[in-house]
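As structure tokens, the structure follows; a few thoughts come after it.
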Amino acid sequence: MTQPTPIRREAPSGVPGRRRPMRFYLTTHKRHWVRLTGVPLFLKSEHFAVARTLPQALGPYAVDSGGFSELQKHGRWTRTPRQYVDDLRRIWEHVGPYDWAAQQDWMCETAIREGGTYGPQYFAGTGLSTAEHQRLTVQNFIELRSLAPELRIIPVLQGETIADYERCLALFERAGVTLAAEPVVGLGSVCRRQSTREGAEIVTALAAHGLRLHGFGFKTLGIARVGHLMASADSLAWSSHARRRPPLPGHTHKNCANCIDYALAWRQRVINQIPNPSNDLEAAA
């Protein structure tokens with residue numbers, strides 16, 4: 001088995017204003033896409049865990065822990081940290097080295113905590129406070145790092161307000177995790193606010209701490225507004241975009257909501273719409 005090598009944060013280049021471009025991951029539930037394209041992909045660990053055989057990745061990819069689905073359906077994590085670590089090791093060995101994998105964090109959205117029906121979706125509810133979700137998030141990261149210090153597992157900040165996120169950052173620091181030294185730090189519970197002023201203020205405040213942020217579930221407006229402040233982002237917005245439109249010419253399916261051709265074209269259009277893509281957004285790998 002190829003041993004995972006921890007990712008390290010690069011030292012500053014010394015060139016004023018120079019930084020690495022943002023990596024834009026295309027989110028998909030189709031695990032076989034990893035062998036079809038070199039474009040960075042973002043997939044849930046469960047999509048790999050349920051497969052008997054795994055495809056080898058052609059390009060870079062990152063792994064989502066699937067926390068939103070877990071907490072929405074069950075109000076708790078049903079996979080233990082040990083099970084998650086075992087899944088991540090199997091993915092690394094068979095699919096290939098991933099950029100990183102998100103920890104098993106606890107989102108802080110009201111629907112996740114309090115439960116109930118929101119539009120067409122039902123949430124089981126955890127019955128816990130934002131502070132308790134933050135404590136459990138930090139606790140999980142410490143446990144995962146203890147179980148598998150060699151794996152590329154990233155911490156995730158959780159909260160609702162800027163003050164919440166600052167408190168979560170402080171919790172990590174008190175637990176001995178210096179987030180500014182981490183190569184990537186996930187930013188949770190922002191996807192529904194990522195294009196708003198509130199979302200931009202949260203990203204701006206946390207980026208000011210020198211964190212290399214990953215934005216989960218960002219869309220075009222969010223990337224345009226704060227993409228320059230993040231190390232990376234992922235998006236599944238292409239699928240809902242395709243579901244509301246006719247299929248591409250020559251495509252025989254009802255729509256292109258699960259179509260790699262549509263997804264790749266959508267991603268390229270997003271990149272083309274961002275000012276100075278060569279400086280602000282990583283166009284390919």
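When a residue number appears, it is its place in the shown sequence, counting from 1. Quantities reported herein were computed from a predicted structural model and do not represent experimental measurements.
- The side chain to side chain contact (heavy atoms under 4.5 Å, CB included) test with Tyr25 singles out one residue from Val39, Leu43, Asp99, Leu41, and that residue is Asp99.
- Checking each of His133, Glu160, Glu132 against Arg113 for a side-chain hydrogen bond (donor to acceptor under 3.5 Å, both in side chains) leaves exactly one that passes, namely Glu160.
- Electrostatic pairing of Glu93 and Arg90 does not count as a salt bridge here, judged by no charged N lying under 4.0 Å from a carboxylate O.
- Going from atom CZ of Arg145 over to atom CG of Asn140 covers 12.0 Å, rounded to the nearest 0.5 Å.
- Although no hydrogens or angles enter the test, the distance criterion places no donor-acceptor pair under 3.5 Å between the side chain of Thr27 and the main chain of Asp234.
- Atom-to-atom distance recorded for Glu109:CD and Ser189:OG is 4.0 Å, nearest 0.5 angstrom.
- His214 has its ring centre less than 6.0 Å from the ring centre of Phe42.
- No donor-acceptor distance shorter than 3.5 angstrom exists from the side chain of Arg82 to the backbone of Leu147, with no hydrogens or angles considered.
- With sequence neighbours excluded, the residues satisfying side chain to side chain donor-acceptor pair (under 3.5 Å) with His241 are Arg245, Tyr262.
- When all heavy atoms are compared, the tightest approach of Ala233 to Met22 is CB-CE, 4.1 Å.
- Gln72 places no side-chain N or O within 3.5 Å of a backbone atom of Gly115 that could act as its donor or acceptor partner.
- Gln103 places a side-chain N or O within donor-acceptor distance of the main-chain N or O of Thr137, the cut-off being under 3.5 Å.
- A donor-acceptor pair is defined here as one N or O able to donate and one able to accept, closer than 3.5 Å; such a pair exists between the side chain of Ser235 and the backbone of Phe218.
- Not counting sequence neighbours, His74 has no partner by the ring-ring contact (aromatic ring centres under 6.0 Å, His included) test.
- Residues Met107 and Leu171 fall into different hydrophobic clusters, defined by Ile, Leu, Val, Met, Phe, Trp and Tyr side chains chained together at heavy-atom separations under 4.5 Å.
- Taking the ring-ring contact (aromatic ring centres under 6.0 Å, His included) definition, one finds that Phe123 meets it with Phe68, Tyr118, sequence neighbours left out.
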